Amino acid sequence: MSTFKPLKTLTSRRQVLKAGLAALTLSGLPHAAAKQEALKTRSGHSAKTPKKSAKRVVVLDPGHGGIDTGAIGPGGAKEKHVVLAIAKNVRTILRSQGIDARLTRSGDTFIPLYDRVEIAHKHGADLFMSIHADGFTNPGAAGASVFALSNRGASSAMAKYLSERENRADEVAGKKITDKDHLLQQVLFDLVQTDTIKNSLTLGSHILKKIKPVHRLHSRTTEQAAFVVLKSPSIPSVLVETSFITNPEEERLLGSTAFRQKIATAIANGVVSYFHWFDNQKAHARKRS
């Protein structure tokens, strides 16, 4: 932070955020591509930038994909397939609630971690959610968890283990995570990301409350760790570990259409509950002002 000097011409947090995000976007893209309407990610995928939706936009990120299988259960179930099915269910439910839900991948394709964050920004997301199925060395580990970003270390040994494991996903495809955080640390973290993480923790609590009646929780509170896919400075972001696919019983559950629908419904209801809370907070703020 010692290298950052206040920007004299920017008088509000919103202006600082806009300037920082613009610089972040351009720093991660070739100069010529930044001028085009289409976003070209490092994985080679292109997509036209859509008009901002009149509805709330939620970007759902099915973890892993393509060459990256994710965790594999004792019966051979692959995380990448299970979480895609769950994410599609969540998308359907949210759309039925009037929310514009979109996927980072709709098929068995590999997307680098930072590209997933870029996709959320490209779509102007109000929320970002990465969906996974835990893998752990102990097959007895079970239950669902929700994680938000931490800039101060992991909240538990399990959170640290899972974040380190998930952050190595790009290495499967022979890629390495590049350091794009320097600009965020200098311009945005202290000004904006504290609020974003606070909202992410609240989002996590709403999701956990909806999961609790239908499935065992591995952690009853929103955990925190330095997951790469949660590093948006401005979009509340959580990573949902729906179950431990390395647990034989939970692998069977994840293979069940009924359970995938049940957990997807709980996740979607958590998102809707969060938006209701957020609207109430804004309404109260307006009354106080």
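In what follows, every heavy atom counts, from backbone to side chain, and hydrogens, waters and symmetry copies are set aside. Keep in mind the model is a prediction, meaning the values are calculated, not measured. By convention here, the first residue in the shown sequence is residue 1.
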field: Backbone of Gly270 reached by a side-chain donor or acceptor of Ser273 within 3.5 Å
entry: no

message: Please check: side-chain N/O of Thr222 versus main-chain N/O of Ser205, any donor-acceptor pairing under 3.5 Å?
response: yes

query: Are side-chain heavy atoms of Asn199 and Trp277 found at a separation under 4.5 Å?
result: yes

- prompt: Same cluster for Leu103 and Ile131 if Ile/Leu/Val/Met/Phe/Trp/Tyr side chains link at under 4.5 Å?
  reply: yes

message: If we check side-chain hydrogen bond (donor to acceptor under 3.5 Å, both in side chains) with His64, which of these qualifies: His81, Arg105, Glu79, Lys80?
response: Glu79

- prompt: Glu241 side chain to Asp134 main-chain N or O, any donor-acceptor pair under 3.5 Å?
  reply: yes

- prompt: Would you say Glu251's side chain and Gly76's backbone share a donor-acceptor pair under 3.5 angstrom?
  reply: yes

message: Around atom CZ of Phe278, are there more than 12 heavy atoms from other residues, nucleotides or ligands closer than 6.0 Å?
response: no

statement: Closest non-hydrogen atoms of Pro236 and Ser200, given as atom of the first, atom of the second and distance, are CA-OG, 3.3 Å

Exam field: side chain Asp61 to backbone Gly63, donor-acceptor pair closer than 3.5 Å: no

message: With a 4.5 Å cut-off on side-chain heavy-atom distances among I, L, V, M, F, W and Y, is there a chain of contacts connecting Val238 to Val59?
response: no

message: When you compare the side chain of Val240 with that of Met129, does any pair of heavy atoms fall below 4.5 Å?
response: yes

task: Measure the CG-CD1 distance between Leu94 and Ile99 for me, rounded to the nearest 0.5 Å.
output: 5.0 Å

- prompt: Quick one: does Thr265's side chain get under 4.5 Å of Asn269's, heavy atoms only?
  reply: yes

query: Are Val82 and Val90 in one and the same hydrophobic cluster, where Ile, Leu, Val, Met, Phe, Trp and Tyr link if side-chain heavy atoms are under 4.5 Å apart?
result: yes

- request: Would you give the length of the straight line joining atom CZ of Phe259 to atom CG of Leu254, rounded to the nearest 0.5 angstrom?
  value: 5.5 Å

- request: Quick one: closest heavy-atom pair of His123 and Val57, and the distance?
  value: O-CG1, 3.8 Å

message: Test your reading of the model: is there a side-chain donor-acceptor pair from Arg95 to the backbone of Arg102, 3.5 Å cut-off?
response: no

message: Set out, in order, the CA-CA distance, both residues' side-chain angles and the distance that settles side chain to side chain contact (heavy atoms under 4.5 Å, CB included) for Ser243 and Ile245, then state yes or no.
response: CA-CA 6 Å; Ser243 292; Ile245 200 170; over 6 Å; no

- prompt: Are Val271 and Leu60 in one and the same hydrophobic cluster, where Ile, Leu, Val, Met, Phe, Trp and Tyr link if side-chain heavy atoms are under 4.5 Å apart?
  reply: yes

task: Give the ring-plane orientation class for His206 versus Tyr274, where under 30° counts as parallel, over 60° as perpendicular and anything between as tilted.
output: perpendicular

- line: Looking only at heavy atoms, the pair that brings Pro139 and Asn247 closest together is O-ND2, 3.1 Å

query: Quick one: side-chain hydrogen bond (donor to acceptor under 3.5 Å, both in side chains) partners of Asn280, sequence neighbours excluded?
result: none

Pairwise distance CG(Leu230) to OG(Ser237) - rounded to 0.5 angstrom: 6.0 Å

query: Is it true that Leu239 and Ile86 fall in one hydrophobic cluster, defined by side-chain heavy atoms closer than 4.5 Å?
result: no

Check: Arg252 and Ser256 side chains under 4.5 Å, non-hydrogen atoms: no

statement: CD1 of Ile211 to CD1 of Ile267, rounded to nearest 0.5 Å, is 5.0 Å

field: Residue among Glu118, His121, Arg116 satisfying side-chain hydrogen bond (donor to acceptor under 3.5 Å, both in side chains) with Ser232
entry: His121

- prompt: Does the pair Asp279/Arg56 count as a salt bridge with the N-to-O cut at 4.0 Å?
  reply: yes

query: Which distance, rounded to the nearest 0.5 Å, do you find between the CD of Gln224 and the CG of Leu201?
result: 4.5 Å

field: Whether Asp108 side chain and Gly65 backbone form a donor-acceptor pair below 3.5 Å
entry: no

message: Under a 3.5 Å distance rule, please check whether Thr246 uses its side chain to pair with a backbone N or O of Phe136 as donor and acceptor.
response: yes

task: Give a yes or no on whether the backbone of Lys198 and the side-chain of Thr202 come within a donor-acceptor separation of less than 3.5 Å.
output: yes

task: Please examine the side chains of Leu253 and His215, heavy atoms only from C-beta on, and report whether any two atoms are closer than 4.5 Å.
output: yes

message: Are Leu127 and Phe275 packed together at the side-chain level, in the sense that at least one heavy-atom pair is separated by less than 4.5 angstrom?
response: yes

field: Other residues, nucleotides, ligands: >12 heavy atoms within 6.0 Å of Gln281 CD
entry: yes

- prompt: Nearest heavy-atom pair of Ala142 and Glu250: which atoms, and what distance?
  reply: CB-OE2, 3.5 Å

field: Sole candidate of Thr104, Ile119, Leu203 that passes side-chain contact (heavy atoms from CB on, under 4.5 Å) when paired with Phe128
entry: Thr104

task: Using atom types as modelled and distance alone, determine if a side-chain donor or acceptor of Gln261 lies under 3.5 Å from a backbone N or O of Asn89.
output: no

- line: Output for pair (Leu208 CG, Arg220 CZ), nearest 0.5 Å, gives 10.0 Å

